[in-house]
Amino acid sequence: MHGRVGRELTLTVDDLLARPLVERWVTMACVSNDVGGDLVSTTRFTGVELAPLLAAAAPDPAADQALSTSTDGWTAGSPSSLLLDPTRGALLAVAMAGPDGPVALPPEHGFPVRIVVPGLYGYVSATKWVTDIEFTTFAARADYWRDRGWAPPGPMETAARIESPASYASVPAGRVVVTGSAWAVPRGIRRVEVGVQDGGAAGSWVTAELAPVPSGGATWRQWRAELDLPPGGYTLVCRATDGDGVVQTAERRSPLPGAATGWPTRTVTVT
């Protein structure tokens, strides 16, 4: 940990393992995920709280970027304020959930140490095989993806997806069960609504039943709704409301340069 800091710090893996370890469920998403896409996942990470480690380096308050580097030279620029905020819960992760409990990070997930920052897309936070964190500014240094046209980091958008019925499925008329997941890290999900695009036979929005989640808003939330649909062709649509009461925007936007937005849809035939 170096750059615009009061003192440089060097830590080994053994140094990290000697510190208190915490477990935290986190949903991570790729900024290139399309509306309703599958580039998102949730797991339980084990690691060391990053905020106090960074604070010990006494970073310059004007250094608004924490630029992390991987062993292969890849870089990610995160807002320093978020990494230094203990309520955000950023980790230097050393393990993740396995079938029978925590296991050391597999090589493809960043062994021996990776960064996990709830609420930031992976391109500006999720550095695997991390070796270096430099405090600098966004004006002075651009990371790997900003050099390739992607926008500076913003908060993770409120997003949802329909997971069943499958696209272009044929389902029996009557009570049609629609399920999916929604996420708005770290704000959490307050409500999900499901309906038929352009009104259709479903009429108004139906409020979905939400599954319980761990405390806080760092994970996605599964949901389930039932629609009364007579025979015909339909485009199902859903929208989520985050923990602050803000409804997911309907504005359709492609991922580049800074995350897709819009309500996900799925076309089905009711027979």
Any sub-3.5 Å donor-acceptor pair from D242's side-chain atoms to G245's backbone N or O?
yes
Here the pair of heavy atoms bringing P155 nearest to Y121 is O-CE1, 4.0 Å
Any donor-acceptor pair under 3.5 Å linking the side-chain atoms of T158 with those of R187?
yes
For A56, does its backbone N or O pair with a side-chain atom of R7 as donor and acceptor, under 3.5 Å?
yes
Is T137 reaching over with its side chain to a backbone N or O of A140, donor-acceptor style, under 3.5 angstrom?
yes
All heavy atoms of T46 vs all of P102, minimum pair found to be OG1-CB, 4.0 Å
Just wondering, do D60 and V5 contact through their side chains at under 4.5 Å, heavy atoms?
no
Any side-chain to backbone donor/acceptor pair from E134 onto S68? Under 3.5 Å, distance only.
no
Would you say V113 and K128 make side-chain contact, with heavy atoms under 4.5 Å?
no
Indicate whether any N or O donor in one side chain lies under 3.5 Å from an N or O acceptor in the other, for S78 and Q65.
no
Residues L9 and L53: closest non-hydrogen pair is CD1-O, 3.7 Å
Can you tell me how far apart SG (C238) and CD (Q248) are? Round to the nearest 0.5 Å.
6.5 Å
Report yes or no: do T75 and T69 form a side-chain donor-acceptor pair below 3.5 Å?
no
If we only count heavy atoms from C-beta on, is the P255 to D34 side-chain gap below 4.5 Å?
yes
Ignoring hydrogens and angles, tell me if any N or O in the side chain of D85 forms a donor-acceptor pair with the backbone of T87 under 3.5 Å.
yes
W263/W205 aromatic ring centres below 6.0 Å
yes
Looking at E49 and R24, is there a salt bridge between them, counting it only when a charged N and a carboxylate O are closer than 4.0 Å?
yes
Grouping ILVMFWY residues whenever side-chain heavy atoms fall under 4.5 Å, the cluster of M96 otherwise contains V22, V26, M28, F45, L91, L105, F111, V116
Spell out, yes or no, whether L50 and M156 are grouped together once hydrophobic residues are joined by side-chain heavy atoms under 4.5 Å, including indirect joins.
yes
Indicate, with yes or no, if L82 and L54 share a hydrophobic cluster defined by side-chain heavy-atom contacts under 4.5 Å among Ile, Leu, Val, Met, Phe, Trp and Tyr.
yes
When you measure from the side chain of R239 to the backbone of A159, do you find a donor-acceptor pair of N or O atoms at a distance under 3.5 Å?
no
Least distance between heavy atoms, A260 atom then E157 atom
O-CG, 4.3 Å
If we ignore hydrogens and angles and just use 3.5 Å, is the side chain of R253 paired with the main-chain N or O of A259 as donor and acceptor?
yes
Is any side-chain heavy atom of V192 less than 4.5 Å from a side-chain heavy atom of S181?
no
Distance (rounded to the nearest 0.5 Å) between W74 CH2 and Y123 OH:
10.5 Å
Do W183 and T219 come close enough that some side-chain heavy atom pair is under 4.5 Å?
no
For residues T269 and V171, determine if any side-chain heavy atom of one lies less than 4.5 Å from a side-chain heavy atom of the other.
no
Mind checking whether F138 and I133 sit in one hydrophobic cluster, side chains of I, L, V, M, F, W, Y counted as touching below 4.5 Å?
no
Do R252 and T261 get their side chains close enough for a donor-acceptor pair, meaning under 3.5 Å?
no
Considering only heavy atoms from C-beta outward, does the side chain of W129 approach that of R114 to under 4.5 Å?
no
Cluster overlap L83 with V31, hydrophobic side-chain contacts below 4.5 Å
yes
Other hydrophobic cluster members with V103, side-chain heavy atoms of Ile/Leu/Val/Met/Phe/Trp/Tyr under 4.5 Å, chained?
none
I would like to know whether T42 and W220 meet side chain to side chain donor-acceptor pair (under 3.5 Å); could you show each step before the answer?
CA-CA 7 Å; T42 299; W220 59 22; 3.3 Å; yes
So do P264 and E163 actually touch side chain to side chain, heavy atoms under 4.5 Å?
no
Heavy atoms of other groups near Q222 CD, more than 12 under 6.0 Å
no
Using only atom types and a distance under 3.5 Å, with no angle test, would you say the side chain of D15 pairs donor to acceptor with the backbone of T12?
yes
Please answer whether the main-chain N or O of R190 pairs with a side-chain N or O of T241 as donor and acceptor at a distance below 3.5 Å.
no
Is T267 reaching over with its side chain to a backbone N or O of T235, donor-acceptor style, under 3.5 angstrom?
no
